[in-house]
Protein chains: 2
Amino acid sequence: MRSETEADEPGKGAARDGRRSGRQVATVPKTTEQTTTPVPQRLLAAATRLFAEQGYDRTSVQEIVEAAGVTKGALYHYFGSKDDLLHEIYARVLRLQQERLDAHAEADEPVEKRLRDAAADVVVTSIENLDDGQIFFRSMHHLSPEKNKQVRAERRRYHERFRALVEEGQTAGVFSSATPADLVVDYHFGSVHHLSTWYRPNGPLTPQQVADHLADLLLRALRP
Amino acid sequence: MRSETEADEPGKGAARDGRRSGRQVATVPKTTEQTTTPVPQRLLAAATRLFAEQGYDRTSVQEIVEAAGVTKGALYHYFGSKDDLLHEIYARVLRLQQERLDAHAEADEPVEKRLRDAAADVVVTSIENLDDGQIFFRSMHHLSPEKNKQVRAERRRYHERFRALVEEGQTAGVFSSATPADLVVDYHFGSVHHLSTWYRPNGPLTPQQVADHLADLLLRALRP
DNA sequence: GGCGCCATACCGACTGGTTAGTCTGCTGCC
DNA sequence: GGCAGCAGACTAACCAGTCGGTATGGCGCC
């Protein structure tokens, strides 16, 4: 375990660009580019795209490092294994969504609005990170057992938080109690999960419009 | 999970014992027995289970043939490739669900009931074939391009049929038109797709109960 | 203000293991 | 005697991970 990839801010300075090397591999555009993206992030980005396109197993480490413009040495310098890459992708999206859900859930608003906002927000961020979602739901089983367990635990936290919102509304009587809250949550996240199958960025609907529609469907289903 | 000789009826094979090998694996009764499940079906069943458990890529054809009690020769006698196996699994579930949807859609009932029945039925059959669903949504990208295209086309047919039901109700005014029918369909199938991630056969709800709840959510969301 | 020393960041050939698919051949039935 | 239905050794390809090697910049010390 030696992935200390965090803590890297995108870069602070101006056109600093230390004379890289004699043999350059992929030559990141050096012309007045203010930040050459750090290698770990390039690797993660390349892996995300390739995993989403071809699947985890169909993507060789060689392809990833080529897409990132480095070599295997670099990858194994920053990550312990191919599996680590996948885990890092999961951790990133989980962190993001948990933060946003917490923010919405704690807002000082009526529960209907909090739920609607949270439900719509997860749709928007899911669309903005369609690749992550694709990988998430398609490749979970490629994670090592411990990592899988860890990811599941965090997912459960997320699920619980969301469910609590639904239950709060049900108890308060503003939502129908006809359906168990658990099922309601799974119903909604099914549609989120499903987004990467049908949503196309150049389609007729903007992410926000889709989000509004899906949140609306949820709230309508919950009308008493 | 070494399953060598199980699941088959003990072959009552008489004296027949090639001097070549002392280890034979499954001993299918060769004496004009017509009932032991045919090899192709055994292979399909084994592949379905293993693909669902471990994923397509993580399952070697060696594992499949061992689970089916045959050898590679048999598999490649009946199927052109590992890919073919996957395609066959898809084709089977697609055929089944299309048939059932058609039956519901054509029934002589008010549109609300037809939609509710169809929506609930797809949930029940999906639960009854959780493995197929898991494979379907997780491994589509492993299909060869042409096969993938074919499967997509059939899926679209299915989607269209379902959408037509929603639109019929919207036009008739019994369903709200607030949400485009396409989105409504994707919303519902998202939850179906998602079933394999959370539904557990030994959980508190029967397949029918889950189906009723999910169909109910759909119909409630469509209330004018 | 130069010098040795080392850590960091990366390179890329190599290894050991795995796998899909092939091919030759056996065997019991018609 | 011919053929469907299979057995199972074999091969060619591939791939995750390793490891010895190289360039660069910082730092203490004289």
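Letters A, B, ... are given to chains in the order of the sequence lines, protein chains preceding strands, and every chain is numbered from 1.
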Visitor: Any salt bridge between A:Arg161 and A:Glu106, counting N to O under 4.0 Å?
Guide: yes
Visitor: Specify the separation, in whole Å, of atom CZ of B:Arg58 and atom P of C:dT18.
Guide: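 Rounding to the nearest Å, CZ of B:Arg58 and P of C:dT18 are 14 Å apart.
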Visitor: Expressed as a whole number of angstroms, how long is the span from B:Glu63:CD to C:dT19:P?
Guide: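 It works out to 7 Å between those atoms.
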Visitor: DNA chain D: A:Gly73 or B:Leu75, which has the more 5' nearest nucleotide?
Guide: B:Leu75
Visitor: From CG of A:Asp57 over to P of D:dA13, roughly how many Å is that when rounded to an integer?
Guide: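 Between P of D:dA13 and CG of A:Asp57: 21 Å.
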Visitor: When you measure from the centre of the six-membered ring of A:Tyr90, is the NZ or CZ of A:Lys147 under 6.0 Å away and within 45° of the axis?
Guide: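 Geometry flag: not set, cation outside 6.0 Å or 45°.
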Visitor: Whole angstrom is fine here: how far is it from CG in A:Asp84 over to C1' in D:dA16?
Guide: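 Roughly 13 Å, once rounded to whole Å.
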Visitor: In whole angstrom, what separates A:Arg42's CZ from C:dA9's P?
Guide: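 Whole-Å distance recorded here is 14 Å.
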Visitor: Who passes ring-ring contact (aromatic ring centres under 6.0 Å, His included) against B:Tyr199, sequence neighbours left out?
Guide: none
Visitor: Salt bridge (Lys or Arg N to Asp or Glu O under 4.0 Å): which pairs involve residues 131-145 of chain B, sequence neighbours left out?
Guide: B:Arg92-B:Asp132
Visitor: Regarding D:dA7, can its base be found pairing with the side chain of B:Lys72 as donor and acceptor, where the two atoms are less than 3.5 Å apart?
Guide: no
Visitor: Between D:dC14 atom P and A:Gln62 atom CD, what is the distance in whole Å?
Guide: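 One finds 12 Å between P of D:dC14 and CD of A:Gln62, rounded.
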Visitor: Rounded to whole Å, how long is the line connecting atom OH of A:Tyr76 with atom P of C:dC14?
Guide: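 Rounded to the whole Å, the gap is 18 Å.
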Visitor: Just compare D:dA16, C:dC11, D:dA7 and give me whichever is closest to any side-chain atom of A:Thr71.
Guide: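 Within the option list, the nearest is C:dC11.
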Visitor: Please check the phosphate of C:dA20 (OP1 and OP2 only) for any side-chain N or O of B:Lys82 closer than 4.0 Å.
Guide: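 True: B:Lys82 side-chain N/O within range (under 4.0 Å) of C:dA20 OP1/OP2.
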Visitor: What's the closest nucleotide to the A:Ser60 side chain, out of D:dG5, D:dC15, D:dA7?
Guide: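 Looking only at side-chain atoms, A:Ser60 lies closest to D:dC15.
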Visitor: In whole angstrom, what separates A:His77's NE2 from C:dC11's C1'?
Guide: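 Rounded to the whole Å, the gap is 12 Å.
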